[in-house]
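Every chain is numbered from 1 and lettered A, B, ... according to where its sequence line falls, protein lines coming before strand lines.
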Amino acid sequence: MAYWLFKSEPESFSFSDLQSAPNQTTGWDGVRNYQARNLLRDTIQVGDQVFFYHSNAEPPAIVGIAKVVQAGHPEPSALDHTHPYYDEKSDPGNPTWYQVKIQAVKLVEPHLTLTDLRAVPELANMVLLKKGSRLSVQPVTEAEWKVITTLAKGSKKEKRG
DNA sequence: GCCAACGTTGGC
DNA sequence: GCCAACGTTGGC
């Protein structure tokens with residue numbers, strides 16, 4: 001099992017949008033970057049876990065956890081000429097764009113902001129925190145996953161006490 | 001709204 | 001195949 005971080009602008013699709021979707025599940029469509037596409041198509045597997053990150057948000061933060069419920073398959077939106085994500089250059093017989101399906105697992109409350117994450121020495125090499133990193137589907141190491149989920153539990157405890 | 005960093009495009 | 005120009009991302 002592997003770990004990932006998916007970025008989304010909350011104005012376009014937020015974690016609460018995922019939670020209110022049928023089965024709390026959605027096809028992760030609209031990815032138009034080849035490096036991210038390759039991960040969606042070739043690498044990400046059912047059962048993998050995903051941090052749901054809000055970019056261009058105030059503040060930018062990890063806001064939830066999701067899991068992969070269907071591995072890579074051709075993205076329907078790219079082949080639907082009525083859809084905003086339609087790509088006329090993609091050949092339906094050999095589609096360019098792929099998606100996976102994810103399902104919400106739980107809210108991360110309070111959110112783990114970018115500032116919170118930068119403050120953690122163990123996360124110094126995280127892809128998200130690298131300067132100029134724009135990849136919208138990115139790998140998370142097991143060590144990073146553990147540190148971050150522990151942070152999430154810790155801050156919950158603090159709030160209670 | 002600004003702008004640095006990045007990915008893609010297209011002329012040559 | 002190089003690289004300048006352009007468009008996009010995304011933090012601030």
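Proximity of a side-chain donor or acceptor of A:Gln103 to a complementary backbone N or O of A:Asn23 within less than 3.5 Å is detected. Put simply, the side chain of A:Glu9 never gets that close to the backbone of A:Ser12: no donor and acceptor are under 3.5 Å apart.
At least one side-chain heavy atom of A:Ser14 sits less than 4.5 Å from a side-chain heavy atom of A:Asp17.
Between A:Ser133 and A:Asn56, the residue anchored closer to the 5' end of DNA chain B is A:Asn56, taking for each the nucleotide with the nearest heavy atom.
Taking atom NZ of A:Lys130 as the reference point, atom P of C:dG11 lies 16 Å away to the nearest angstrom. Distance A:Leu5 CG to C:dT9 P: 17 Å, rounded to the nearest Å. One can place CG of A:Asn33 at 11 Å from P of B:dT9, the figure rounded to the nearest angstrom. Taking atom CD of A:Glu9 as the reference point, atom P of C:dT9 lies 7 Å away to the nearest angstrom. If you take OH of A:Tyr53 and C1' of C:dT9, they are 11 Å apart, rounded to a whole angstrom. Straight-line distance from the CD atom of A:Glu58 to the P atom of C:dG10: 16 Å, rounded to whole Å. When the P atom of C:dT9 is taken as reference, atom CD of A:Gln35 falls 15 Å away, rounded to whole Å.
A chain of hydrophobic side-chain contacts below 4.5 Å, direct or via other Ile, Leu, Val, Met, Phe, Trp or Tyr residues, connects A:Val140 to A:Val105.
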Considering only distance and modelled atom types, tabulate donor-acceptor pairs under 3.5 Å from the side chains of residues 120-137 of chain A, sequence neighbours left out.
unit_1	atom_1	unit_2	atom_2	d
A:Lys130	NZ	A:Asn125	O	3.3
A:Ser133	OG	A:Val127	O	3.0

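Taking the six-membered ring for Trp and thresholds of 30 and 60 degrees, A:His83 and A:Tyr85 have ring planes inclined between 30 and 60 degrees apart.
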For nucleotides 2-8 of chain C, print each protein N/O atom paired with a nucleotide N/O atom at under 3.5 Å, atom names and distance only.
unit_1	atom_1	unit_2	atom_2	d
C:dT8	O2	A:Arg134	NH1	3.0

